[in-house]
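Have a look at the structure below, then the notes.
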Number of protein chains: 2
Amino acid sequence: MDQRIELRHLRYFLAVAEELHFGRAAQRLNIAQPALSQQIRQLEKIVDVELFRRTSRSVRLTDAGATFQPRARDLLGRLAADLDEAGRVGRGEAGRLDVAFITSATAIVSERIREFSRCRPDVQVKLHDGFTVDVLAALERGTADIGIVRDADERDDIDLSPLTAERFVAVVPTDHPAARADHVEASALATDPLILFPRSAGAQAFDVNTQLLRDAGIDVQVVQECSNWHTIIMFVAAGLGVTIAPYSVTTLLPAGAQRLELDGPPTMSRIFMATRRGDNRPLVQAFIAASESVTGRGHNRTVRTQ
Amino acid sequence: MDQRIELRHLRYFLAVAEELHFGRAAQRLNIAQPALSQQIRQLEKIVDVELFRRTSRSVRLTDAGATFQPRARDLLGRLAADLDEAGRVGRGEAGRLDVAFITSATAIVSERIREFSRCRPDVQVKLHDGFTVDVLAALERGTADIGIVRDADERDDIDLSPLTAERFVAVVPTDHPAARADHVEASALATDPLILFPRSAGAQAFDVNTQLLRDAGIDVQVVQECSNWHTIIMFVAAGLGVTIAPYSVTTLLPAGAQRLELDGPPTMSRIFMATRRGDNRPLVQAFIAASESVTGRGHNRTVRTQ
DNA sequence: CCATATCAATAAGCTTGAACTATGGATCAG
DNA sequence: CTGATCCATAGTTCAAGCTTATTGATATGG
């Protein structure tokens, strides 16, 4: 089975197989008849099989030719489809996009993915949730194309663009002395056991979070770490301590836990979209564009949740 | 999607995609590097998509390239398989063979097909049973490649080669006067109602069958026609009449029916293998050869059943 | 039965384009 | 800065596919 076979052979073969007439087939292919005869002959030599039985008056497919015809047609069809697919992937109309995000941003992410999938129905979106550090690592090693992170440091290999910001609030047990009001001075929590998201999940986010406590003169001693915000809230409700959390994870509180606004200038937790610097692939750009359209449309609502 | 794309482009693309290095890929393809660069560039222009992102120091697949790579590999693999298949069909090692046969020759056919399938496991054998006229018609219109018929006329578009011959015997109800012996003169059946296979199923076979009755001076009046030998035998067993049948359909007789050898020189029914004249396709020839090997091996046994 | 038409194969010359050699330009190591 | 590496570009060459002209074979019409 020589390497010398080319698609030309298949195209010519199919034309003759359909016309069963070298003259007409050649006309259809816009070539002269002898060229066609020659190429078919060459194909038969390469495959070492007679594909047509021809007399000077008629052309018929042999068994081998009849077997090969639908397969050749199929091959050309597949090739066209594959080339088309490659083109669509190249233009960002199809393909696969890996989005890594922090669990506490699920709402924001799902909203944007819904919008993106509406624009690009042929793009398969793969979701990966994790901590900010995991998201950044996935971006770095190429496992993810889009990252949603919280309060990340500037890095020279990753672009960050802010999606939204939300203030921190305190969550305390309902039997806490401060729970009679709906707001609290940070310093009033100085003696309570602190339950926080682990710093290892995202140092910058942790530091932003705890800065407000340090500003209030509190020596931050984390009594309990927990890598799931909802679990932290449950612990608070159980009276194990208090926490400072981004607003969005406190929208649904169980009985026994109460949200308190923090007095003074609000400290904000910012959520960013992260991409590899210089990654200007169409799909990535399209996701950014779709995401921005959501931010624009939904701006009022986003502000309200801050 | 221009017509100008050729398999060369796919082969070259795959080489570069695997090596990620134009120099090494070119070496592997036994061409010079500039030719490779040129062809890849051409491919990208045809598809109108960048398949590689190259700097002067590195070559990487783009998303489109990464999508296309496994598909291109698959296409080349399929093509090789299809060409191989066509070659095997051409050499008669694979493909499909349509065998049409008369129901009363099932035993002979199955024996030969078993042998043929042993030699050519990749050939799909399609079976079609029917009357002799149907078998010949199927051959004629190309629906069948091999036909097994009984006592057919010579025709100039069909070759017949004898497979076996069997004598005719009489089958009578056990309460028939002649049933006390195990043989009978044909003339002794002159007054019995005759049940026979329809003449329309195969005129020659019918005429051979009934000739022996006419030779015995009987005016052949078929009382009942039935197009299934086993049903005919059941009718005989039920006392509805007598029949003259090829030996092989009388090997298993129900209670109530008895086989009688016919006195005098035996009249033979001959079973032929029929093929289109000039059909020298390898599969047909291979079936004939396999069939002959069975006839040779099993000759004694065949003789015994006559 | 010969003349004519049809159709694939063959022959010979032409033309296209793939591949070659040589070179340039960019990037990285020392 | 120099040398090495590697892809791109430029110009040339030659194989191979295409064209025209012709042949040979087979069917059709007068």
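Chain identifiers are assigned alphabetically (A, B, ...) following the order of the sequence lines, protein sequences preceding nucleic acid strands; residue numbering begins at 1 within each chain. Since we're looking at a predicted model, the values are computed, not measured.
Rounded to an integer number of Å, the gap from CD of B:Gln27 to P of D:dC6 is 11 Å. For the pair A:Ile31 CD1 and D:dC18 P, the computed distance is 5 Å after rounding to whole Å. In this entry the distance linking CG of A:Leu43 with P of D:dG17 reads 12 Å, nearest Å. To the nearest angstrom, C1' of C:dC7 lies 15 Å from CD1 of A:Ile40. The nearest whole Å value for the distance from the NZ atom in B:Lys45 to the P atom in C:dG17 is 12 Å. When the P atom of C:dC20 is taken as reference, atom CG of B:Leu29 falls 10 Å away, rounded to whole Å. Across the protein-nucleic acid pair, B:Arg24 atom CZ and D:dC7 atom C1' stand 13 Å apart, rounded to whole Å. Taking atom CD1 on A:Ile46 and atom P on D:dA16, their separation rounds to 11 Å, with Å as the unit.
Each of A:Ala32 and A:Thr55 lies near DNA chain D, and the nucleotide nearest A:Ala32 is the one positioned closer to the 5' end. Both B:Leu36 and A:Phe22 sit near DNA chain C, but only A:Phe22 has its closest nucleotide nearer the 5' end.
Taking only side-chain atoms of B:Arg57, from C-beta outward, the nucleotide of D:dT9, C:dC7, D:dA4 with the closest atom is D:dA4. When distances are taken from the side chain of A:Ala35 to each of D:dC7, D:dT19, C:dT6, the shortest belongs to D:dT19. Relative to the side chain of B:His21, the nucleotides D:dT26, C:dA9, D:dC7 differ in distance, and D:dC7 lies closest. Closest to the side chain of A:Ser37, out of D:dA8, C:dA9, C:dA19, is C:dA9.
With contacts defined as side-chain heavy-atom distances shorter than 4.5 Å, the pair B:Glu18/B:Arg28 qualifies.
Phosphate proximity of D:dG17 to A:Gln39: present, with a side-chain N or O under 4.0 Å from OP1 or OP2. Taking only side-chain nitrogens and oxygens, B:Arg41 comes nearer than 4.0 Å to OP1 or OP2 of D:dA8. Side-chain nitrogen and oxygen atoms of A:Gln38 include none within less than 4.0 Å of the OP1 or OP2 phosphate oxygen of D:dA16. Side-chain N/O atoms of A:Arg8 include one lying less than 4.0 angstrom from OP1 or OP2 on D:dG17. OP1 or OP2 of D:dG17 has at least one side-chain nitrogen or oxygen of A:Gln42 nearer than 4.0 Å. Contact between the side-chain N/O atoms of A:Arg54 and the OP1/OP2 oxygens of C:dA9 is found at a separation under 4.0 Å.
Within a 6.0 Å radius of CD in A:Gln27, no more than 12 heavy atoms belonging to other residues, nucleotides or ligands are found. In the displayed structure, B:Arg60 atom CZ is contacted under 6.0 Å by at most 12 heavy atoms of other residues, nucleotides or ligands.
Residue A:Ser58 is out of contact with every strand shown, counting any heavy-atom pair closer than 4.0 Å. Backbone-only contact: B:Tyr12 has heavy atoms under 4.0 Å from sugar-phosphate atoms and none from a base.
Here the options are A:Arg96, A:Lys126, A:Arg281, the test is salt bridge (Lys or Arg N to Asp or Glu O under 4.0 Å), and the partner is A:Asp145; only A:Arg281 passes.
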Start with the C-alpha gap between B:Val133 and B:Ser200, add the side-chain angles, then the distance that decides, and say whether side chain to side chain contact (heavy atoms under 4.5 Å, CB included) holds. CA-CA 8 Å; B:Val133 282; B:Ser200 64; over 6 Å; no
Can A:Arg199 and A:Asp207 be said to form a salt bridge (Lys or Arg N to Asp or Glu O under 4.0 Å), step by step? CA-CA 8 Å; A:Arg199 185 168 192 271; A:Asp207 294 343; 2.8 Å; yes
